[in-house]
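Just below is one structure, and these are the notes that go with it.
For this chain, numbers begin at 1 and follow the sequence in order. The model shown is predicted, which means the values in this text are computed figures rather than measured ones.
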Amino acid sequence: MSVTRLIVFIALAFTALDTIGADSNIIATVPITLQRGQIMVPAQVNDSEPLSFMLDTGFSMTMLRPELAAKLKLTRVGEITVEGIAGEERTGTYEGAVFNMGGAAYAPRRVGGMTSTRRRRDGIIGSGLFRQYVLCVDVGAKTLTILNPTNFNYGGSGEIVPLRFPRRATTPVIDATIQLTNGLTVKGAFEIDTGCDSGICLGSDFARTNNLIEVDTTRSGSKFGVGGGASTRSGHLPQLQIGALKVDRPETEFFLEGSPAGRGLAGHIGMEVLKKFRIYFDYSRQRMILEVGTKP
């Protein structure tokens, strides 16, 4: 690393320290990038060269490319079914992977072999990391700060949003409100999905029941994930409200069939909305904290 890049990285770390507070027991601060609307974080696995992983609240299991699992000589121990927005896939599971992110260790009991990852991605780090630590994602500063949850003591003025995990789910759910131009509001429960590059994705049943499919939809589209793709209509809702925070005209994907989220949920909220905030994921206290003022 050059001297100039080292100085910049140290400056970013001290900025995060000032914001979060010295008593929060920061374990590591690592650089992140936003690639095609998704958070990418560098990590070593079993002393490998630095690899690139998507940080995804929507994945219950951490995933690696199968060829990477073979290269790292991980032990194959079985198979699982991975569910996605358009179906499911069977994949192998492996033991023996230890991740290192700037000195923060993460050793999931098992990892999956992900066959549908993009070429520029070595895998996906899922919900296990969020359960082990408090994570602060700051897209504006391009940093991921990893904190000890035992000593985390938030003292800022951000919006504290309760999280819940219905029916033993691993993806967090929040309540939010859609504000319409005619003064009406629509309330719904939304998954928080950092693996989604859109602002909001609405399930077809929720959109039809609340007459939202006709709200400023401009073009046909599709969303791709595990199991294939799903047809959508793209557009904008007038406003999304999370607690006291409001996001005007969030980019929205209206699913024409099915839903990107679990049964009974409106849909999910993705990075096009979340990147507007500095986000603290504090699963141990079942809360998410949103701070304004970042510059994605």
Practice task
Treat each ILVMFWY residue as a node, draw an edge where side-chain heavy atoms are under 4.5 Å apart, and state whether V173 and L135 are in one component.
Solution key: no
Exercise for the section: Provide the full list of salt bridge (Lys or Arg N to Asp or Glu O under 4.0 Å) pairs with a residue in residues 182-192, sequence neighbours left out, each pair given once. Expected result: none
Exercise for the section: Give every residue pair that meets the ring-ring contact (aromatic ring centres under 6.0 Å, His included) criterion with at least one member in residues 157-181, sequence neighbours excluded. Expected result: F165-Y283
Problem - Donor-acceptor contact present, side-chain D122 to main-chain S52, <3.5 Å - result: yes
Handout entry: Backbone N/O of G195 and side chain of Q38: donor-acceptor pair under 3.5 Å
Key = yes
Fill in the blank from the handout: Minimal heavy-atom distance between A43 and F99, with the atoms involved, is CB-CD2, 4.4 Å
Exercise for the section: Write down the atom of I146, the atom of A104, and the distance for their closest heavy-atom approach. Expected result: CD1-CB, 3.7 Å
Practice task
Verify whether one side chain among T232 and E253 offers a donor that lies under 3.5 Å from an acceptor in the other.
Solution key: yes
Handout entry: Expected output: side-chain T194 to main-chain I192 donor-acceptor under 3.5 Å
Key = no
Practice task
Answer yes or no: is there a donor N or O on one side and an acceptor on the other, between the side chain of S48 and the main chain of Q44, under 3.5 Å?
Solution key: no
Exercise for the section: Considering non-hydrogen atoms only, spot the tightest contact between L74 and A97 and give its length. Expected result: CD2-N, 3.8 Å
Problem - Residue of the set E291, R285, R287 for which side-chain hydrogen bond (donor to acceptor under 3.5 Å, both in side chains) holds with Y154 - result: E291
Practice task
Would you tell me whether D248 and Q239 have side-chain atoms, one donor and one acceptor, within less than 3.5 Å of each other?
Solution key: yes
Completion exercise
Distance col, row E159:CD vs Y280:OH, nearest 0.5 angstrom, shows 14.5 Å
Handout entry: F59 CZ to D193 CG distance, which is reported to the nearest 0.5 Å
Key = 9.0 Å
Problem - Gap between atom CG of N210 and atom CG of L202 - 0.5 Å precision - result: 9.0 Å
Exercise for the section: Find out if a path of hydrophobic residues (ILVMFWY) with successive side-chain heavy-atom gaps under 4.5 Å connects M288 to L265. Expected result: no
Practice task
For the pair T57 (side chain) and T171 (backbone), establish whether a donor and an acceptor sit closer than 3.5 Å, ignoring hydrogens and angles.
Solution key: no
Exercise for the section: Check whether the side chains of Q35 and R121 place a donor and an acceptor atom closer than 3.5 Å, and report yes or no. Expected result: no
Problem - Side chain to side chain, I174 and L163, heavy atoms closer than 4.5 Å - result: yes
Exercise for the section: In plain terms, say whether E251 and K276 are close enough for a salt bridge, that is, a side-chain N and a carboxylate O under 4.0 Å apart. Expected result: no
Problem - N148 side chain vs I27 backbone, donor-acceptor pair below 3.5 Å - result: no
Problem - Donor-acceptor pair, side chain of R167 and main chain of G262, under 3.5 angstrom - result: no
Exercise for the section: Write down the atom of L64, the atom of V111, and the distance for their closest heavy-atom approach. Expected result: CD1-CG2, 4.0 Å
Problem - Greater than 12 external heavy atoms within 6.0 Å of R109's CZ - result: no
Practice task
Indicate whether any N or O donor in one side chain lies under 3.5 Å from an N or O acceptor in the other, for E95 and T75.
Solution key: no
Practice task
Treating Ile, Leu, Val, Met, Phe, Trp and Tyr as nodes and any side-chain heavy-atom pair under 4.5 angstrom as an edge, say whether F281 and L34 lie in one connected cluster.
Solution key: yes
Handout entry: Partner of Y106 by side chain to side chain contact (heavy atoms under 4.5 Å, CB included), out of N100, T62, V98
Key = T62
Handout entry: Point-to-point distance, once rounded to the nearest 0.5 Å, from CD1 of I125 to CE of M61
Key = 14.0 Å
Handout entry: Ionic contact status for R36 with D197, cut-off 4.0 Å
Key = no
Practice task
Could you tell me whether a side-chain N or O of T93 sits under 3.5 Å from a main-chain N or O of R110, the two making a donor and an acceptor?
Solution key: no
Handout entry: Over all atoms of both residues, closest heavy-atom pair of S127 and S60
Key = OG-O, 3.3 Å
